[in-house]
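First comes the structure, then the notes that go with it.
Numbers restart at 1 for each chain; the letters A, B, ... are given by sequence-line order, proteins then strands.
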Number of protein chains: 2
Amino acid sequence: MHKEHPLTKNQQIIFDLIDKSPEPMKAYSILFSVQKKGIKAPLQVYRALDKLVEIGKIHKIESRNAFIACHNSSCQVSKATAFSICEICEKVTEISSTGLSKYLANFKDKDGMKYSKYNLEFFGLCKKCR
Amino acid sequence: MHKEHPLTKNQQIIFDLIDKSPEPMKAYSILFSVQKKGIKAPLQVYRALDKLVEIGKIHKIESRNAFIACHNSSCQVSKATAFSICEICEKVTEISSTGLSKYLANFKDKDGMKYSKYNLEFFGLCKKCR
DNA sequence: TTACATAATGTTATATTATAACAATTCAAA
DNA sequence: TTTGAATTGTTATAATATAACATTATGTAA
Ligand SMILES: [Zn+2]
Ligand SMILES: [Zn+2]
Ligand SMILES: [Zn+2]
Ligand SMILES: [Zn+2]
């Protein structure tokens, strides 16, 4: 087993920013926020984001091209993700439901195909917007 | 009840193209293909795509920024979609499983929130690539 | 029919998201 | 301590998507 790698400088800066954000952050908004810390180019941001996604510290909300920190201790790597998204205020919450994740992890389609990874996005109205 | 609206010219051209394609199509590849038919600008493509998604004739594969025709007679409107995506050859198939759709349509998170819409993308290896 | 509203179209420009290509540096393992 | 992998820095460019505004078609109701 590998020891968990510590984050590099750029990765840490960008993770901290996303982790503190109450809402998903987009790449260029991240870029803008970290320019004072010396990260000047899109690629520096995208490379850090790629790595953070790969190791499961953040997730990408595909329908929004935005990133949020993972607060679900059980997902070490981004292979099983589920989110709820408010269609009014765009609030995003990671869903951690044992039932749901078990159901999806064991789902087989009619060809008997099992999947190694999934991403689920639910849309609706959050408490505040209902 | 409304009669089902016929497609407009641009919508029909673009739907036909996607419908015939064996794989998901990206907006600018659609644009390139329909230029001989007089559709010259990205917006003309995106407007048709938006409408086709809205009425459920096509679906957007969010993780790929690509569009496929719906072949699932039971989904009239894009509110409950599930796909399998091969990570090698990028083959995409729409999953139509009554069990899955029932499970997800009735899923409530721990706040009791019910959702009006979802999109699920499974990743794995297709038959050919296994 | 005529008039009005609505939806669709055409067009130019621009915004947003993401990657290519290559050089330099850091860092850990042999 | 060298060597290979990962990370970083940098410039340029590709790919995806929308803003703004003018025009044309289409449906509906007086
Ligand atoms: Zn997570
Ligand atoms: Zn809300
Ligand atoms: Zn469908
Ligand atoms: Zn395949």
Query - Residue B:K51, side-chain heavy atoms: nucleotide from C:dT19, C:dA8, D:dT8 that is nearest - result: C:dA8
Query raised in the report: Is B:Q44 near enough to C:dT9 that one of its side-chain N or O atoms lies under 4.0 angstrom from OP1 or OP2?
Result: no
Query raised in the report: Just how far, in rounded Å, is P of C:dA18 from CG of A:L43?
Result: 12 Å
Query raised in the report: For DNA chain D, whose closest nucleotide is more 5', that of A:N65 or that of A:A41?
Result: A:A41
Query raised in the report: In whole Å, what is the span from the CG atom of A:L49 to the C1' atom of D:dT7?
Result: 15 Å
Query raised in the report: Where the side chain of B:N10 is concerned, which of C:dT9, D:dG9, D:dA17 is the nearest nucleotide?
Result: C:dT9
Report task. Identify whether the distance between the nearest side-chain nitrogen and carboxylate oxygen of A:E87 and B:K117 falls below 4.0 Å. Result -> yes
Report task. With A:Q12 as reference, evaluate A:T8, A:D16, A:N10 under the side chain to side chain donor-acceptor pair (under 3.5 Å) test and give the passing residue. Result -> A:D16
Query raised in the report: Rounding to a whole Å, what distance do you find between A:K26:NZ and C:dA18:C1'?
Result: 12 Å
Query raised in the report: For A:Y28 and C:dT17, are the ring centres under 5.5 Å apart with planes inclined under 30°?
Result: yes
Query raised in the report: Starting at the 5' end of DNA chain C and moving along, which residue's nearest nucleotide shows up first, A:R47 or A:K60?
Result: A:K60
Report summary line: B:R64 atom CZ is separated from D:dT16 atom C1', nearest whole Å, by 16 Å
Query raised in the report: OP1, OP2 of C:dT9 versus side-chain N and O of B:T8: anything below 4.0 Å?
Result: yes
Query raised in the report: Between A:E94 and A:H71, is any side-chain donor less than 3.5 angstrom from a side-chain acceptor?
Result: no
Requested in this report: Could you state the atom-to-atom distance from CE of A:M25 to C1' of C:dT17 in whole Å?
Outcome: 15 Å
**Report entry** For atom NZ of B:K40 and atom C1' of C:dT12, their distance in whole Å
**Finding:** 13 Å
Query - Whole-Å distance separating the CZ atom of B:F32 from the P atom of D:dT16 - result: 14 Å
Query raised in the report: Within this structure, what is the CD-to-P distance between B:Q12 and C:dA8, rounded to whole angstrom?
Result: 14 Å
**Report entry** Aromatic plane relationship, A:F122 with B:Y118 - under 30° parallel, 30 to 60° tilted, over 60° perpendicular
**Finding:** perpendicular
Query raised in the report: Just checking, is any N or O donor in the side chain of B:E62 or A:S63 under 3.5 Å from an acceptor N or O on the other one?
Result: no
Query raised in the report: Where the side chain of B:Q11 is concerned, which of C:dG10, C:dT9, D:dA17 is the nearest nucleotide?
Result: C:dT9
